[in-house]
There are 2 protein chains.
Amino acid sequence: MSFDFTTYLPYLINRTGVELAGAFSREIAQHGVTLPMWRVLAALHRRDGLRISDVAGLTSIDISTLSRLIGKMEKRGLVIRRRSPEADGRVVTVVVTPAGQAATRAIVPVAQRYEAIALAGFTADEAAALKQMLIRVYGNLSGDALDSAA
Amino acid sequence: MSFDFTTYLPYLINRTGVELAGAFSREIAQHGVTLPMWRVLAALHRRDGLRISDVAGLTSIDISTLSRLIGKMEKRGLVIRRRSPEADGRVVTVVVTPAGQAATRAIVPVAQRYEAIALAGFTADEAAALKQMLIRVYGNLSGDALDSAA
DNA sequence: ACGCGGTATTTGCATTTGCAAATATCTTGC
DNA sequence: GCAAGATATTTGCAAATGCAAATACCGCGT
């Protein structure tokens, strides 16, 4: 049975993600924002007013978890829930407050610094190639490729 | 403020990892094993008798979470906790039972199929390059690079 | 205008998580 | 040989998670 997890792609992705998340979380905690909250803020960055379900899709956060997370962010004054007055009454859109924008502005440089650390020693071409390949992998996974395989 | 999360490496890694984990989890549930449990089994594959803390390092699972997880796996008969008789009495080693080995054998092909799906359309060279780059990124993150940056 | 299937979000609930404190054991210096 | 500090694991506890059921609303067909 030839199986070596140390070169197994899901393993490599998982451990990298965990490591990245851990270190970054600790640092942004100083700004009163958790990692999932930052993900929401990043998704809404210059794209305010998305629906809850859109944010869920963008952030890969489960929609029920996100519903509660938005509640916490509202309490902290980072975002506001708004029911579209004219449009579909089922939809809730999320709007970033000035405080939320300030938090985003504070964290963006930290995020960029972490990306730079992660990509230390990479040429611009290598970094672009890595990102492009991750996008391709994601594309392979989303959609029906998986369902048909199951 | 130039920040586009759609090309932001941690974002790309996170969403890929979440997608991969979700689909795979659902499938291995049929074998009575959760994704964290599979990670433990994979770490111990042909490497039985690792300490709890070694498994934690390999799997990126928090050590306290892992302690409880090993307990559940013991109840399910997948592994056995063993205190080294002669060596350091603080250390607990984890040994895979025949049932655990059977579960591993059943899941390895599934895992390999998922990797193949994820890497669909990749040449062998591309896949190797991706893995190598992820290993480099992980190397950039572990250790002191992060501490000195914080 | 009314009911019915469909979609968006929230809520109930049991499980999982991770930090910090507790426990158990080892090791070193005296 | 023993106290003091280090290391490995477990446990307490509060918070986060995700599935499934509940709720709220839409829009079509009649």
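Residue numbers start from 1 in every chain, and the chains themselves are labelled A, B, ... in the order their sequence lines are given, proteins ahead of strands.
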Provide, to the nearest angstrom, the distance between the CD1 atom belonging to B/Ile61 and the P atom belonging to C/dG18.
9 Å

Kindly point out which of D/dC19, C/dT17, D/dT9 is positioned nearest to the side chain of B/Thr65?
C/dT17

Hydrogens and angles aside, do B/Thr123 and B/Asp125 bring a side-chain donor and acceptor to less than 3.5 Å of each other?
no

Please say which of B/Leu50, B/Leu44, B/Leu66, B/Leu41 ends up in a side chain to side chain contact (heavy atoms under 4.5 Å, CB included) with B/Val94.
B/Leu44

Where the side chain of B/Val91 is concerned, which of C/dT9, D/dA8, D/dT10 is the nearest nucleotide?
D/dA8

Do any side-chain nitrogens or oxygens of B/Lys72 fall under 4.0 Å of OP1 or OP2 in C/dT15?
no

Whole angstrom is fine here: how far is it from CG in A/Asp54 over to P in C/dA8?
9 Å

Starting from the 5' end of DNA chain C, give me the residue, B/Asp62 or A/Arg51, whose nearest nucleotide shows up first.
A/Arg51

Which nucleotide in the list D/dA24, D/dA6, D/dG12 gets nearest to the side chain of B/Arg68?
D/dG12

Record whether the side chain of A/Arg26 comes under 3.5 Å of the base of C/dG18 through a donor-acceptor pair of N or O atoms.
no

Tell me whether the OP1 or OP2 atom of D/dA16 has a side-chain N or O from A/Thr34 closer than 4.0 Å.
no

Length of the CG-P vector between B/Leu35 and D/dC19, whole Å:
12 Å

Whole angstrom value for the distance that separates P of D/dC19 from CG of A/Leu66:
14 Å

Taking the six-membered ring of B/Tyr11, is NZ or CZ of A/Arg39 closer than 6.0 Å to its centre and within 45° of its axis?
no

Walk me through whether A/Glu74 and A/Arg68 qualify under salt bridge (charged side-chain N to carboxylate O under 4.0 Å, His left out).
CA-CA 10 Å; A/Glu74 243 182 329; A/Arg68 282 181 259 251; over 6 Å; no

What integer distance in Å separates A/Ile52:CD1 from C/dT7:P?
19 Å

What is the distance, to the nearest angstrom, from the CG atom on A/Leu69 to the P atom on C/dT11?
14 Å

Among D/dC26, D/dC19, C/dC19, which nucleotide has an atom closest to any side-chain atom of A/Ser64?
D/dC19

Whole-Å distance between D/dT23 P and A/Ile63 CD1?
18 Å

When the distance from CG of A/Leu50 to C1' of C/dA8 is rounded to whole Å, what number comes out?
15 Å

Side-chain donor/acceptor of A/Arg90 to base of C/dT9, under 3.5 Å
no

Which class fits the ring pair B/Trp38 and A/Phe3: parallel under 30°, tilted 30 to 60°, perpendicular over 60°?
tilted

